[in-house]
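Report on the following structure.
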Amino acid sequence: MATYAIGDIQGCYREFMQLLKNIDFQPSRDQLWLAGDLVNRGEGSLEVLRYVVELGSAVKVVLGNHDFHLLAVACGLRKTKRSDTLDKLLKAKDAPDLLAWLGEQPLLHHDPELNFVMTHAGIPPIWNLAKAKAVAAEVELEMRSPRQKKLLENLFGNQPNLWSDDLKGYERQRCIVNYLTRMRFCAPDSSLELETKNEPVNAPKGFAPWFTYPSQVLQETRIIFGHWAALEGHTGVAGIHALDTGCVWGQQLTALRLEDQQLFQVEAAGKAK
């Protein structure tokens, strides 16, 4: 048995299948961790989602920002963007079942035996592992309730950009989701800067990559995240693994075998328009 974590697939179904073939992934034997953003920009979002749902207990998924966007679009709360490739999925007969499954996925997955925690964008320095798990669970509870649509209606926006235990309601939930699914750069106090998407050397003034600050979580377990293709899989910090290697942008799709931290990659077949 082996456990493989894979970064942002974003609808790159062919590369996903090729990577699983290369590592000889067997659902009856192995486990698959997916670091969010299963869908969008690539052309195979429907096929990716169908395959992952069929894996059942052999897969662990955390939600990414593109996954939340899809759920909001499906509810009529957001319009599709020019770069979106979600129409085929949204029109599929099994879309309601696929979207219901997606909406029940967590924001954070932790395995103490393997000594890894996974979220889509990372975990801010201001939180320890217990706090990260607790606040993720708050949002997961809402997403799995009849209040999901109302949460999605109030989820998007850049404020508040700094965590406080005193935050309430949708502001609190929005802040949690932004940390776990959209974070790249933050200030020393963990204030978020959510506009800049480029490489760390071009950090906005007063901000740095979240993983360059001392991590409370890293004292307890290792971290897996995706979301930031410009990192090209490198953080420079032992125990913090960046797995979004820009497959949808014509680069690679990457898997990390958790038992020995060996990397496996396939080259992208093309580049999103």
Side-chain angles (χ1 to χ4, degrees), residues 5-12 15-16 33-42 45 48 52 60-72 81 83-84 102 105-110 116-125 127 132 135-136 139 155-158 161 174-186 190 192-200 202-204 207-213 215 217-218 222-237 239-256 263 265 268 272:
I6 296 180
D8 303 35
I9 300 169
Q10 290 200 241
C12 295
E15 292 89 342
F16 183 36
W33 291 21
L34 302 179
D37 279 6
L38 275 65
V39 301
N40 211 9
R41 299 265 172 77
S45 294
V48 168
V52 173
K60 303 295 182 186
V61 172
V62 295
L63 291 171
N65 53 299
H66 280 279
D67 306 315
F68 274 111
H69 173 64
L70 166 62
L71 291 168
K81 302 175 183 178
S83 57
D84 287 350
L102 187 65
Q105 300 313 301
L107 282 165
L108 179 152
H109 176 65
H110 175 229
F116 276 101
V117 62
M118 176 176 67
T119 73
H120 179 59
I123 299 175
W127 293 343
V135 298
V139 176
L155 194 62
F156 299 91
N158 292 350
N161 70 332
R174 187 184 311 121
C175 192
I176 293 167
V177 171
N178 283 345
Y179 274 117
L180 295 178
T181 72
R182 296 181 61 208
M183 175 177 63
R184 293 185 180 95
F185 295 102
C186 66
S190 288
L192 290 168
E193 198 281 345
L194 293 168
E195 299 296 336
T196 308
K197 300 180 180 182
N198 53 17
E199 58 274 5
N202 293 319
F207 295 86
W210 64 267
F211 51 80
T212 61
Y213 300 103
S215 169
V217 172
L218 203 55
R222 295 167 289 188
I223 301 171
I224 292 167
F225 72 103
H227 185 56
W228 198 347
L231 295 175
E232 298 182 345
H234 304 291
T235 66
V237 180
I240 301 183
H241 301 268
L243 293 185
D244 180 4
T245 46
C247 183
V248 77
W249 305 119
Q251 298 175 52
Q252 300 88 26
L253 187 64
T254 296
L256 173 73
L263 288 172
Q265 291 185 323

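Reckoned from all heavy atoms, side chains included, excluding hydrogens, waters and symmetry mates.
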Report yes if some heavy atom in the side chain of [X] is under 4.5 Å from a heavy atom in the side chain of [Y]; otherwise report no.
X: Phe207; Y: Arg184; answer: no
X: Asn65; Y: Phe68; answer: no
X: Leu256; Y: Leu243; answer: yes
X: Pro124; Y: Trp210; answer: no
X: Pro106; Y: Leu63; answer: no
X: Asp244; Y: Trp228; answer: no
X: Val48; Y: Val39; answer: no
X: Val117; Y: Val217; answer: yes

Does any N or O in the side chain of [X] come within less than 3.5 Å of the main-chain N or O of [Y], such that one atom is a donor and the other an acceptor?
X: Thr181; Y: Val177; value: yes
X: Asn178; Y: Phe156; value: no
X: Tyr213; Y: Ser190; value: no
X: Glu199; Y: Asn202; value: no

Measure the [atom1]-[atom2] distance between [X] and [Y] for me, rounded to the nearest 0.5 Å.
X: Met118; Y: Ile123; atom1: CE; atom2: CD1; value: 11.0 Å
X: Asn161; Y: Met183; atom1: CG; atom2: CE; value: 13.0 Å
X: Glu232; Y: Gln251; atom1: CD; atom2: CD; value: 5.5 Å
X: Ile223; Y: Ser215; atom1: CD1; atom2: OG; value: 4.0 Å
X: Phe225; Y: Leu180; atom1: CZ; atom2: CG; value: 13.0 Å

Query - Derivation and outcome, side chain to side chain contact (heavy atoms under 4.5 Å, CB included), residues Cys247 and Asp8 - result: CA-CA 8 Å; Cys247 183; Asp8 303 35; over 6 Å; no

Under the side-chain hydrogen bond (donor to acceptor under 3.5 Å, both in side chains) test, which residues partner [X], sequence neighbours left out?
X: Gln252; answer: Glu267
X: Arg222; answer: Gln261
X: Thr254; answer: Thr245, Gln265
X: His69; answer: Arg78, Asp84

Requested in this report: Let me see the working for Thr119 and Leu107 under side chain to side chain contact (heavy atoms under 4.5 Å, CB included), right down to the final yes or no.
Outcome: CA-CA 6 Å; Thr119 73; Leu107 282 165; over 6 Å; no

Query - Side-chain donor-acceptor pair present, Asn158, Glu195, cut-off under 3.5 Å - result: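 Yes, Glu195 and Asn158 have a side-chain donor paired with an acceptor closer than 3.5 Å.
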
Query raised in the report: Are side-chain N/O atoms of Arg41 and Ser83 paired as donor and acceptor at under 3.5 Å?
Result: yes

Query - Test side chain to side chain contact (heavy atoms under 4.5 Å, CB included) applied to Asp37 and Ile9, step by step - result: CA-CA 6 Å; Asp37 279 6; Ile9 300 169; over 6 Å; no

Which heavy-atom pair separates [X] from [Y] by the least distance, and what is that distance?
X: Phe16; Y: Leu34; value: CE1-CD2, 4.3 Å
X: Pro204; Y: Thr196; value: CG-OG1, 3.2 Å
X: Gly7; Y: Ala35; value: CA-CB, 4.4 Å
X: Thr212; Y: Ala208; value: OG1-CB, 3.5 Å

**Report entry** Residues in ring pair (Phe, Tyr, Trp, His ring centres under 6.0 Å) contact with His109, at least two apart in sequence or another chain
**Finding:** Trp33

**Report entry** Counterpart residues, ring pair (Phe, Tyr, Trp, His ring centres under 6.0 Å), relative to His227 (two or more places apart)
**Finding:** His120

Query raised in the report: side chain to side chain contact (heavy atoms under 4.5 Å, CB included) between Leu71 and Leu102: does it pass, once the steps are laid out?
Result: CA-CA 8 Å; Leu71 291 168; Leu102 187 65; 4.1 Å; yes

